[in-house]
Amino acid sequence: MFAVVRLLNGFEKTLWYKVPDALLTRNLVGSVVRVPLQNRKESALVIRQAAMLDRGIDFKIKEIIDLEGFPGDVNFNAFIEKIAQFYFIDSFHFYQRIRNFLHESDDVDELIPPDYQPSDSDRIILTDEQQVVVDYVAPHITNPTYTPVLVHGVTGSGKTEIYKRLISQAIGEKKTVLLILPEVSLSLQFQHVLQRQLPTIPIVGFHSATKIAEKRMLWQSLLDQKPIVIIGVHLPMLLPIANLGLIIVDEEHEQGFQEKKHPKINSKEIALWRASMYKIPIILGSATPSLQSLANVERHGWKFFQIKRRFAGAFPDIQKVILMGSNNRRRDVFWVSRELETAVRDCLARKEQAMIYLNRRGYSFFVQCKPCGFIFACPHCSVSLTLHVSKQRINKNNQQAHEQTLLRCHYCDFNQALPTQCTSCKADEKHFLKKGIGTQQLVQIFKELFPHASIERADLDSTSKKRAWQKTVELFEQGKIDILIGTQTITKGYNFPGVTLVGILWADLNLHFPVFNASETTLQQLIQVAGRAGRARSQSKVIVQVMHDHPIFNYVNEQRYLDFCKQELEVRNEIGYPPFGRLVHLELKTKNVGHVERDAEHLCDQLRAINEERDLKVTILGPSFPAVYKIQNYEMRHIFLRAKAYTPIHELIDSLDTTLIQSDLYVVVNS
Ligand code: ADP
Ligand code: ZN
């Protein structure tokens, strides 16, 4: 018996080895083995077994040394093959990725033992609404069956308590649990909460911020088939797990499950495939479920639960304020309405806390030269540069700080000092216009409006400085900050009981982005932000400031979310967009503009020809420019494929001849 292997070090060609007698009794396909190569030992993945050598092989075949420790998982190979086929990626890539990841980084820090606090989870009595979900899912863990469950639980309804119960049960039955969240920061936060509240259960993170010691511990647990909870974003979904018993996808509506980098897989979709192949239950939870999942309840018999009550507090009053064309002119600054100003004043007078949300970092969106209209843009990306004002401490002793204005690219690391002259017409900087408002400028405005309040900013700029961010969160939790201003980072996961006012500035900022689901994602975002108010108080308020009105602003009250969905589903049905029909796009990416354009045309021609020839009835749109079509000097083009189902799209992609394509090619699922 012979085995065809690929080396995990990335060597392209396949190699032949003889299977030693000791290993003859097993099917080695999908196993990792050690093989001799020259004078070295190399790890390799067995991709095929054969009784005889292929014709033409006449060199001496060496023998496999032994099996390398790889977690036994009978479904793993088939699962990885499915992903590979769907995303047009060599399955080998996934084995390599996991392996590289485990060995990556020379960070040798010891695991920091989490600061276990006495758990109060034993004392928690689930509410009836929570208990119903647990009672439904629990038997499917014990007698494993593919059971997709969508939990629509309003903000503060206690979805985490449901997860905790089910996790405890699964671990008690010696089964491993995968829990995925749409961001690394959320994963870390969730991991800490669970480690504190479930101190007897082994919980590990597996993402880019995981320390190597923790990764090793995880791998050992997988080899030993120990029950464990694995938390992350994308990577956990690609691990071989012999005793997988439950998958949880929290904040399931979020776009973050779509990987932004190679290989651009969608971890939520993969989680569903995995649950179905492994025949286990999967819970998807959100306060604002995706239209896709709601449609799956209707059409694919997913079980649906609603938790309509908050565990504590009450829902906030929502007030919409339209800035443009209203007689709301009598205000001190353009960006803050009188309603918001008054509400903040009242909130401060009651010694309560406010959160102000704006989905834009920096001081102002872009800088434009008034005389000639020139806009400062990134030399490496197709975006304008954002103005940032940073304080630099000159001297530690007298703590003197001076301000530095920087133009920064939010897509790459590029930054430069704000020039003193226009690049184009040489006009002096006093003619520059600073357009659009960012969180930095907002802080300045609020400090002028409320000079006695304590005001802090928390957004990606400052969260990258982790310790400072942690400190800000703590101070806000303790009530030592009155107003917290920030981007998405302040919206998710945290529970700030003292917040009774949420102000959303420029709620329509992303609403007109050219994607089919802009309404859905904007509303979800707004509801999540609004949901920070009133977690522990009976009276709370949300002020939604918009430039222009739009129907979605009537649904920011989360109790009406499903009404929005019903309407939006009708619209989608009419135009044949997801969840009615499938939308996939091909992304071409390379540094050479000529190549990317020629490749895009070439692929489009091929797609159209195959589509016609086989009568696949796929609508092909493109090639087109993505909203940001150049990032870090990589040019990108998209080709959209829309059809009733995945099958014809798949067939189309599968039949492509890509031998002449020089760009990188990705398959991205839109949902
Ligand atoms: P969300 O559904 O928004 O994720 P959380 O899970 O954060 O809500 O729950 C909100 C708060 O309510 C948390 O502090 C949580 O501990 C508390 N909570 C929820 N359910 C219960 C319960 N049955 N008993 C005690 N506390 C609960
Ligand atoms: Zn850039």
Side-chain angles (χ1 to χ4, degrees), residues 3 5-6 8 23 25-34 43-49 64 66-87 89-103 140-147 167 170-171 173-180 202-207 210 214-249 263 265 267-282:
V5 308
R6 290 223 10 216
L8 288 178
L23 296 178
T25 53
R26 10 157 120 228
N27 177 9
L28 291 177
V29 175
S31 304
V32 176
V33 292
R34 280 190 295 183
S43 299
L45 175 72
V46 179
I47 54 174
R48 184 156 69 88
Q49 270 182 307
I64 288 174
D66 56 10
L67 263 181
E68 196 175 288
F70 196 77
D73 175 348
V74 287
N75 296 308
F76 190 65
N77 208 31
F79 171 62
I80 291 295
E81 281 303 327
K82 185 175 159 98
I83 303 173
Q85 202 228 344
F86 189 90
Y87 288 95
I89 293 162
D90 191 339
S91 58
F92 178 70
H93 164 84
F94 295 99
Y95 288 89
Q96 224 184 356
R97 183 171 179 200
I98 286 297
R99 198 186 160 79
N100 288 347
F101 199 80
L102 285 166
H103 296 273
H140 295 289
I141 297 175
T142 313
N143 304 304
T145 26
Y146 172 55
T147 318
I167 285 171
I171 298 292
E173 294 181 17
K174 304 270 178 283
K175 288 168 181 164
T176 284
V177 180
L178 284 178
L179 195 164
I180 57 168
I203 296 163
V204 293
F206 192 44
H207 43 67
T210 308
E214 194 176 355
K215 290 180 194 169
R216 294 216 178 109
M217 176 180 119
L218 164 63
W219 194 248
Q220 198 54 50
S221 302
L222 294 175
L223 288 171
D224 301 342
Q225 310 196 357
K226 281 195 185 139
I228 187 165
V229 181
I230 309 165
I231 303 181
V233 183
H234 308 293
L235 287 163
M237 219 33 83
L238 300 172
L239 286 169
I241 303 168
N243 56 342
L244 185 58
L246 172 68
I247 299 178
I248 300 170
V249 182
I265 56 172
S267 304
K268 180 171 91 173
E269 297 274 327
I270 286 177
L272 286 160
W273 293 349
R274 190 156 195 178
S276 123
M277 288 178 89
Y278 286 63
K279 302 192 174 53
I280 54 167
I282 175 167

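This one's a predicted model, so the numbers in the text were calculated from it and none came from an experiment.
For the side-chain contact (heavy atoms from CB on, under 4.5 Å) test, residues two or more places apart in sequence or in another chain that qualify with Lys174 are Pro227. Applying the side-chain hydrogen bond (donor to acceptor under 3.5 Å, both in side chains) rule to Asn75 yields no partners; only residues at least two apart in sequence or on another chain are considered. When the side-chain contact (heavy atoms from CB on, under 4.5 Å) test is applied to Lys226, the partners found at least two apart in sequence or on another chain are Ser221, Asp224. Judged as a salt bridge (Lys or Arg N to Asp or Glu O under 4.0 Å), and not counting sequence neighbours, Arg26 has no contacts. Residues forming a side-chain contact (heavy atoms from CB on, under 4.5 Å) with Asp66 (at least two apart in sequence, or on another chain): Arg34. Residues forming a ring pair (Phe, Tyr, Trp, His ring centres under 6.0 Å) with His140 (at least two apart in sequence, or on another chain): Tyr136. Residues forming a side-chain hydrogen bond (donor to acceptor under 3.5 Å, both in side chains) with Asp73 (at least two apart in sequence, or on another chain): Arg274, Tyr278. Under the side-chain contact (heavy atoms from CB on, under 4.5 Å) criterion, Ala275 pairs with Tyr146, Ile247, Ile280, Ile282, sequence neighbours left out. Legend: residues meeting side-chain hydrogen bond (donor to acceptor under 3.5 Å, both in side chains) with Ser43, ordered by chain and number and at least two apart, are Glu68, Arg99. Applying the ring pair (Phe, Tyr, Trp, His ring centres under 6.0 Å) criterion to Tyr87, with sequence neighbours excluded, gives no partner residue. With sequence neighbours excluded, the residues forming a side-chain hydrogen bond (donor to acceptor under 3.5 Å, both in side chains) with Thr142 are Gln169, Glu173, listed by chain and number.
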ask   = Can you list the steps and then say if Ile265 with Phe86 is a side-chain contact (heavy atoms from CB on, under 4.5 Å)?
value = CA-CA 9 Å; Ile265 56 172; Phe86 189 90; over 6 Å; no

key: side-chain contact (heavy atoms from CB on, under 4.5 Å) between Leu218 and Leu239, intermediate numbers included   = CA-CA 10 Å; Leu218 164 63; Leu239 286 169; 3.9 Å; yes

Phe206 vs Leu238, side-chain contact (heavy atoms from CB on, under 4.5 Å): CA-CA, chis, key distance, verdict = CA-CA 11 Å; Phe206 192 44; Leu238 300 172; over 6 Å; no

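Considering every non-hydrogen atom in both Gly245 and Lys175, the closest pair reads CA-CB, 3.9 Å. The two residues Ala170 and Val177 have their closest heavy-atom pair at CB-CG2, 3.6 Å. In terms of heavy atoms, Leu235 sits closest to His207 at CD1-CA, 4.1 Å. Contact record, Gln225 with Gly72: NE2-O, 3.9 Å, taken as the closest heavy-atom pair.
One finds the CG atom of Leu246 at 4.5 Å from the CD1 atom of Ile248 (value rounded to the nearest 0.5 Å). Note that the CZ atom of Arg216 and the CG atom of Leu223 stand 13.0 Å from one another [nearest 0.5 Å]. Taken from CD1 in Ile98 to NE2 in His93, the straight-line distance is 9.0 Å, to the nearest 0.5 Å. Within the model, atoms CD1 of Ile241 and CD1 of Ile230 stand 4.0 Å from one another, a figure rounded to the nearest 0.5 Å. To the nearest 0.5 Å, atom CZ of residue Phe70 and atom CG of residue Leu222 are 9.5 Å apart. How far CD of Gln49 is from CG of Leu28: 4.5 Å, rounded to the nearest 0.5 Å.
For the pair Phe94 and Ile89, the minimum side-chain heavy-atom distance is below 4.5 Å. Val46 is listed as a side-chain neighbour of Val33, based on a closest heavy-atom distance under 4.5 Å. Counting heavy atoms from C-beta on, the side chains of Met217 and Pro202 never come closer than 4.5 Å. Using a 4.5 Å cut-off on side-chain heavy atoms (C-beta onward), Phe79 and Ser91 make no contact.
For the pair Glu214 (side chain) and Val204 (backbone), a donor-acceptor distance under 3.5 Å is absent. Within the 3.5 Å criterion, the main-chain N or O of Trp273 finds no donor-acceptor partner in the side chain of Lys82.
Residue pairs meeting the side-chain hydrogen bond (donor to acceptor under 3.5 Å, both in side chains) criterion with at least one partner in residues 232-249, sequence neighbours excluded, are Thr176-Asn243, His234-Ser267.
In the model, Asn77 has a side-chain atom that pairs as donor or acceptor with a side-chain atom of Tyr95 under 3.5 Å.
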